[in-house]
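This is a predicted model, so every value here is computed, not measured. FYI, side chains are in, hydrogens and waters are out, and symmetry mates aren't considered; it's all heavy atoms of this structure.
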Amino acid sequence: IFLGTALLASSLHAFPVENLADCPFPNGTDKAIHSYMCSDNEQFSITDIQTLDKNGKPFYPIDPRQEFILNLTTYNHGPQIDDNHVNVKINQYKAGWSGDCSWTSIPTFGLLNGIDGCQFAHNCPLTSGPLFLILPLDLSQFSAIINMLAAYKPYELEIRMFNYNA
């Protein structure tokens, strides 16, 4: 069962000026995180996302090579979830052959599919109603994929959570 989608766009550290001529950062992501739900009537709605470094200080742009904390304010409109798995897609914003800017998928070869959300984020159960989740994230186990993002261009994480309740 597909429950919800959060799409986060971010940039890595300083970026060369020539990248701005090719593709400007979409939705103000050069200065702040941007999120949205990909479809209506999802079980979860996200109202706020904050990124902090491992010491709890505001941290943006996100550098996925470093540990960080994702503070997520959300609302679970459905039943409690005791077990969830996540599939993650990574896209990069860049100019294509036509010169138009668009999101292009970065191949992950399934390495970011079927992640045990409870074990990875330590946030289960996801009770019904309002939720304030503090998610410490260490993505170093995905370094082979993350190192492909070091091109100083904006990227997005499409996170799809699936209910694995028995």
Side-chain angles (χ1 to χ4, degrees), residues 1-12 25-93 102-143 145-146 149 153-166:
I1 298 173
F2 172 71
L3 293 177
T5 301
L7 188 59
L8 311 175
S10 178
S11 62
L12 293 176
F25 283 69
N27 303 312
T29 54
D30 55 332
K31 295 180 177 60
I33 199 165
H34 176 74
S35 70
Y36 62 91
M37 300 302 292
C38 291
S39 60
D40 294 331
N41 300 317
E42 297 292 350
Q43 182 171 344
F44 290 88
S45 57
I46 297 171
T47 56
D48 188 44
I49 297 176
Q50 297 175 355
T51 54
L52 309 172
D53 67 16
K54 63 182 178 182
N55 298 314
K57 295 183 179 155
F59 182 58
Y60 193 87
I62 296 169
D63 183 347
R65 297 167 293 191
Q66 297 180 30
E67 294 177 38
F68 65 97
I69 299 166
L70 189 66
N71 282 354
L72 186 64
T73 304
T74 186
Y75 194 93
N76 180 355
H77 301 276
Q80 175 171 304
I81 295 176
D82 297 310
D83 188 12
N84 72 75
H85 286 212
V86 219
N87 292 343
V88 180
K89 291 183 181 177
I90 303 175
N91 299 306
Q92 189 172 43
Y93 196 67
S102 62
W103 292 106
T104 304
S105 180
I106 295 175
T108 60
F109 308 104
L111 294 174
L112 300 179
N113 290 343
I115 297 169
D116 185 326
C118 296
Q119 182 180 13
F120 187 81
H122 310 290
N123 63 353
C124 289
L126 298 171
T127 58
S128 296
L131 295 168
F132 182 71
L133 305 174
I134 300 172
L135 309 173
L137 298 176
D138 179 0
L139 304 178
S140 61
Q141 63 184 334
F142 307 112
S143 62
I145 294 166
I146 289 169
L149 300 176
K153 294 184 186 275
Y155 62 92
E156 68 183 3
L157 302 175
E158 180 181 323
I159 303 168
R160 294 186 179 262
M161 183 176 63
F162 298 89
N163 185 354
Y164 269 58
N165 284 350

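- No more than 12 heavy atoms of other residues, nucleotides or ligands lie within 6.0 Å of CD in Gln119, so this atom counts as exposed by the packing criterion.
- Closest approach of Asp82 and Pro125 over heavy atoms only: OD1-CB, 3.4 Å.
- One N or O on the side chain of Asn76 and one on the backbone of Thr127 form a donor-acceptor pair closer than 3.5 Å.
- A distance-only check finds a donor-acceptor pair linking the side chain of Asn165 to the backbone of Asp83 [under 3.5 Å].
- Between His34 and Thr29, the shortest heavy-atom contact is CB-CG2, 3.8 Å.
- A distance of 5.5 Å separates OG of Ser35 from CD1 of Ile46, quoted to the nearest 0.5 Å.
- Using modelled atom types, one side-chain atom of Tyr60 and one backbone atom of Ala32 make a donor-acceptor pair closer than 3.5 Å.
- Here the CG atom belonging to Asn163 is positioned 6.5 Å from the CD atom belonging to Gln43, to the nearest 0.5 angstrom.
- To the nearest 0.5 Å, atom NZ of residue Lys89 and atom CG of residue Asn113 are 8.5 Å apart.
- Closest approach of Ile69 to Asp53, counting heavy atoms only: CD1-O, 3.5 Å.
- We find the CG-CG distance between Leu52 and Asn71 to be 4.5 Å, quoted to the nearest 0.5 Å.
- With Asn55 contributing its side chain and Lys57 its backbone, the two residues share no donor-acceptor pair below 3.5 Å.
- Between the side chain of Asn87 and the backbone N or O of Gly114 there is at least one donor-acceptor pair closer than 3.5 Å.
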Practice task
Take Val88 and Thr108 through the test side-chain contact (heavy atoms from CB on, under 4.5 Å) and record every step on the way to the result.
Solution key: CA-CA 9 Å; Val88 180; Thr108 60; over 6 Å; no

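- Note: Met161 CE to Leu126 CG = 5.5 Å, rounded to the nearest 0.5 Å.
- The closest donor-acceptor contact from the side chain of Thr51 to the backbone of Leu70 lies at 3.5 Å or more, if one exists at all.
- Looking only at side-chain heavy atoms (C-beta outward), Leu72 and Phe44 stay at 4.5 Å or farther from each other.
- Looking at Ser105, its side chain never comes within 3.5 Å of a backbone N or O of Asn91 through a donor-acceptor pair.
- In plain terms, the two heavy atoms of Trp103 and Pro154 that are nearest each other are CZ3-O, 3.9 Å.
- When every heavy atom of Cys124 is checked against every heavy atom of Asn84, the shortest pair comes out as SG-ND2, 3.5 Å.
- Looking only at distances, no side-chain donor or acceptor of Gln50 sits under 3.5 Å from a matching main-chain atom of Thr73.
- What you find for His77 and Ser45 is that their closest heavy atoms are NE2-OG, 2.9 Å.
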